[in-house]
Novice: 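Below you'll find the structure I mean.
Proteins come first, then strands; the chains are lettered A, B, ... in the order of their sequence lines, and each starts at number 1.
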Amino acid sequence: MPELLIELFSEEIPARMQPGAARDLERMVRDRLTQAELTFDAIHAFAGSRRLTLVVDGLARLQEARVEERKGPRVTAPPAAIEGFLRSTGLTREALVERDGIYFATLSRGGRETATIIPEIVEGLVRSFPWPKSMVWGDGRLRWVRPLHRIICLFDGGVVPLVIEGIRGGDVTEGHRAMGSRQPFSVKDFADYRRALEENCVVLETQARKDRILDGAHALCAAQGLEMVEDIGLLEEVAGMVEWPVPLLGRMDSAFLELPGEVVRTSMRTHQRYFAVRRAGEAGLAPFFIVVANIDAADGGALVSAGAARVLSARLSDARFFWQEDRKAPLESRLEGLKGVVFHAKLGSMHERVRRIEALTARLAPLLGADTVLAGEAARLAKTDLATAMVGEFPELQGIMGAYYAAAEGHDPAVVDAVRDQYKPQGPSDGLPRGPVSLCVALADKLDTLVGFFEAGERPTGSGDRFALRRTALGIIRILLDAGVSAPLRPLIAYAGVGVAASVVGSVADSRLNSLNYRQLVAAFADPAAEFAAAGQLEQMFRSVGERQPADAMAFWRGIDDVTWIEEVFGFIVERLKVLLREQGVAHDVCEAAFALGDDDLVRTVARVHALRGFLDLEDGANLLAGYRRARSILDAETKKGPLPTGGPEAVLGAPAEELRLIEAVISTTPQVTAALATADFASALTSLAALRTPVDDFFVAVLVNSLNPAERDNRLRLLTSVCSLMERVADFSLIMG
Amino acid sequence: MTVSPARSFQDLILRLHAFWSERGCVILQPYDVEVGAGTLHPATVLRALGPKPWRAAYVQPSRRPSDGRYGDNPNRLRQFHQYQVILKPNPPDMQALYLESLEAVGIDPTLHDIRFVEDDWENPTVGAWGLGWEVWCDGMEVSQYTYFQQVGGLDVSPVAGEITYGLERLALYVQGVDNVYDLAFNDPDSPAFQTYGDVFLENEREFSSFELEVADVDVLRSHFRDMEATVPKLLAETGRKGRTLVLPAYDHVLKASHLFNLLDARGAISVAERQGYISRIRELCKACALAWVAAEGANS
């Protein structure tokens, strides 16, 4: 079957863009072929440092022909409508068919030769390719990631003629810059293309390049009793930077191994794209590295690896200088320097952020069972490494360097751990910090981040989340659940919000207002005995501060004294928790039924979800739910007629036995449910409710709710209300789907 | 085809001059106003704009006062040299030309690993950006290669290609030396042989002291204000042939920019002020770019 081969040959494509480019190319061609009603067997795309390639197997030579009839206006329609229809179909009035007073047009479409459609497809995709960043070059107007030089367009053994901004489609490409023939060459089809590239020192497939790198590196290492430190991200990047990967083992001065391993590895990785190496079976690094050259040099790579070692040595000398200089001043002395580091234009400096996190840890430590003094110390030190030279050079070592420096200063191991792990978890698969002090600091960091960005108006949108707030919210949830922090979340959000607000006061206030620093503000609010009870309390406090603000701060206060932001942050966290639970297989309606109670204690809510889920899987649960639904639908129908009777049901003498038994069951179950809920034992609460199942079923069999006697009817409605209310104290069963 | 490596710092420069001269470039002298980067030479920043073809190559001493290390650091200098090439419009084979130029100074592409690593260039103080790469030779960055997309906030059309060779780094590589001050400056067989240190070490020492410690901050600030105030005045003036006085105005932008760098090196610019200074210089530069384009457009 015919084959289509396209190659877009350009100057070096950034490695990070290649995987996306291959996917986009495949998707765009697939969509366009489908749209053009061209059938094919298979489609594959490849990306490398100088080319995007696509091959379609079994592509039809002809578009499928189709005849379709299109309905037009009525024969009696105004002339303008009929003319419009003629224009849109390209037919004359004589060619239309009339049936039942309506015009119909017979249109034949398709049947075009594929070779005539391909140029449109290629031109369309070249002109609309979604590069993250693109450019123009020379005199032209075409945009591509870097200058585009050649296009191969071969279909069914022949060149498909096309010209895009002066670039003529053909059958010619180029191989490696410095190896092979170093001349352009022509190809016949995909098999020939792949073979010719290989001959000219270009490995087409990314996976094949990766395999060569890994196989070569492993062989080099094994010969010396070494092993390469795996780094999937780096492998992906390097495979995008070379056409002909040749791994080489380089040697470095072992004196550099006195540096923290993370520093050596990060320097190799970010500056040089080298892989680190260790002795087989050992944890620390060995004085070697793997560099992947893009050339099989005549001298076996001696010059390349010597050059690479020299550059690395200069880099590590810099790192050693930072390591020595950074330890000359204690971490705590760097706090002052954080005043000059902007965290976010609306959220003050990093110094203010540290103060907020420290205040938050004081509040959180008792909840997590953490030592308040150690948590405060860790919070104060947590960001100081941002002012060190090493983190200035390698931002990704934040936290890690702080931990090294804190350990060198003899801080408590719990503090060292907390400094290192404050940013955890960085993603769904990242582990949590360990130990109460670490959890406390990590939680404070995330609460301040989430609340702060919400207050600054930087909440995520459908497509964008540039401050990774979803990840932050998930971190909060995982920490609270992991540490079993059973506490209301709204006050914690409010508390973090007060801290953020106070920072902003500090940054706009005059000296008179500076005396009202955030500590006092927070202290005024932070009476641990008085949990945040009402929105009004916070509002009032904001007002009292607001009255003392200069005019420019008032706008901020007007924005913030509306406490709906607490609900927004809370709602955002709850949404992430629901997503997490659904990923764990909890049904949507079960989640909603448990969350509908508005409980802001996440540990309790999750326990509720799991208990409810277990209960509904039982026969008693399913049957009680049926009874509940029946009761609820009667009550809902009655509500439409008028207000329901209030008060509890009465055990009236002479009432049917089933009615009396249900009243008895409600009365005896209520205290059990109350007691179970008080200890958040939802499974017990639901087990108690299960006792209602038989009385409810019997009641509906034997008793007519809508009795002609109004007193009887009212009492029965009261009884059903009490059954539903009792159940709804555990979950909103009305939200559970049938 | 293998060319012997350039033996001295000046041999490197002379070979690049010969190479780019043969490819139709105007060989210019360094601009005689202090600049922080070779790009700021009017032969690049202004000539990149407007419709006229332009090819030039020159050495530009670049001054970065904050990088002063009193001559103690073997790799870091407060004044280093960039070899700058500008080709407008960029020829289709510009990458190949660049690789040939490396061969011309003695880097054999079959023995060395030369690669183009994504690096999008941006100079906020002149409102300029472009896409391109840093070029690595065996892991060492030896050049910056950029297709200018905008300068002074204006589209560069046709596109100008810019190559910046870090001459000291390239020389270290070609000569196989680790300390910049040990580089041979002229022919090692010369009866008056000089190392890079013989020529520049004292400069580094004296200027590091001046720029990091001695320069009078109040004087620098007042000079900055004078330069800043002069630019709009010059842009309001026209010469005898009716063209705006863009080139003198641009000189004053460069001086303001260097004064900013000096203030920065003296630690006299707070974090809060920094952005303000940068955007003031950018506005001045943008005004010059606009005036240049208007004048060039009128003349073409």
Novice: Does a donor on one side chain and an acceptor on the other come within less than 3.5 Å for Ser101(B) and Tyr165(B)?
Specialist: yes

Novice: Counting only heavy atoms closer than 4.5 Å, note whether Leu87(B) contacts chain A via side chain, backbone, both or neither.
Specialist: neither

Novice: Are a donor atom and an acceptor atom from the side chains of Thr39(B) and Glu162(B) found within less than 3.5 Å of each other?
Specialist: yes

Novice: Sort Arg177(A) into side chain, backbone, both or neither according to what part of it lies under 4.5 angstrom from a heavy atom of chain B.
Specialist: side chain

Novice: Any chance the side chains of Thr266(A) and Arg269(A) put a donor and an acceptor closer than 3.5 Å?
Specialist: no

Novice: What part of Val145(A) gets closer than 4.5 Å to chain B, counting heavy atoms only: side chain, backbone, both or neither?
Specialist: backbone

Novice: Below 4.5 Å from any heavy atom of chain B, which atoms of Ser134(A) appear? Answer side chain, backbone, both or neither.
Specialist: backbone

Novice: Does a side chain donor of either Ser62(B) or Gln82(B) reach within less than 3.5 Å of an acceptor in the other side chain?
Specialist: yes

Novice: Pick whichever of Asn73(B), Asp178(B), Asp119(B) has the most heavy-atom pairs under 4.5 Å with chain A.
Specialist: Asp178(B)

Novice: Side chain from CB out, backbone as N, CA, C, O: work out which of these in Asp155(B) comes under 4.5 Å of a heavy atom of chain A, or both, or neither.
Specialist: neither

Novice: Name the option with the most non-hydrogen atom pairs under 4.5 Å to chain B; the candidates are Arg141(A), His271(A), His149(A), Gln272(A).
Specialist: Gln272(A)

Novice: Cation-pi check for Phe19(B) against Arg15(B): NZ or CZ below 6.0 Å from the six-membered ring centre and within 45 degrees of the axis, yes or no?
Specialist: no

Novice: Using a cut-off of under 4.5 Å on heavy-atom pairs, state which of Ala178(A), Ala293(A), Ala309(A), Ala298(A) scores highest against chain B.
Specialist: Ala293(A)

Novice: If I measure from the heavy atoms of chain A, does Phe148(B) come under 4.5 Å with its side chain, its backbone, both, or neither?
Specialist: neither

Novice: Against chain B, label Phe321(A) side chain, backbone, both or neither, depending on which of its atoms sit under 4.5 Å from a heavy atom there.
Specialist: neither

Novice: Which of the residues Gln149(B), Met140(B), Glu141(B) is involved in the greatest number of heavy-atom pairs with chain A at under 4.5 angstrom?
Specialist: Gln149(B)

Novice: Look at Lys133(A), Met17(A), Met179(A) and state which one has the largest set of heavy-atom pairs under 4.5 Å with chain B.
Specialist: Lys133(A)

Novice: Please classify the contact of Asn75(B) with chain A as side chain, backbone, both or neither, using a heavy-atom distance under 4.5 Å.
Specialist: side chain

Novice: Considering only heavy atoms, which portion of Met135(A) lies under 4.5 Å from any heavy atom of chain B: side chain, backbone, both, or neither?
Specialist: both

Novice: What pair of heavy atoms forms the shortest contact from Val85(B) to Cys25(B), and how long is it?
Specialist: CG1-SG, 4.4 Å

Novice: May I ask you to check whether Thr164(B) and Tyr83(B) show a side-chain donor-acceptor distance below 3.5 Å?
Specialist: no

Novice: Using distance alone, with no hydrogens and no angle criterion, decide if Arg51(A) and Thr173(A) have a side-chain donor and acceptor under 3.5 Å apart.
Specialist: yes

Novice: Between Ala297(A), Gly138(A), Pro14(A), which shows the greatest number of heavy-atom pairs under 4.5 Å with chain B?
Specialist: Gly138(A)

Novice: Decide whether Gln95(B) and Glu12(A) meet the rule of one side-chain donor and one side-chain acceptor closer than 3.5 Å.
Specialist: yes

Novice: Would you kindly say whether His176(A) and Asn200(A) are connected by a side-chain donor-acceptor distance under 3.5 Å?
Specialist: no

Novice: Among Gly132(B), Pro74(B), Pro92(B), Pro91(B), single out the residue with the greatest number of heavy-atom pairs under 4.5 Å to chain A.
Specialist: Gly132(B)

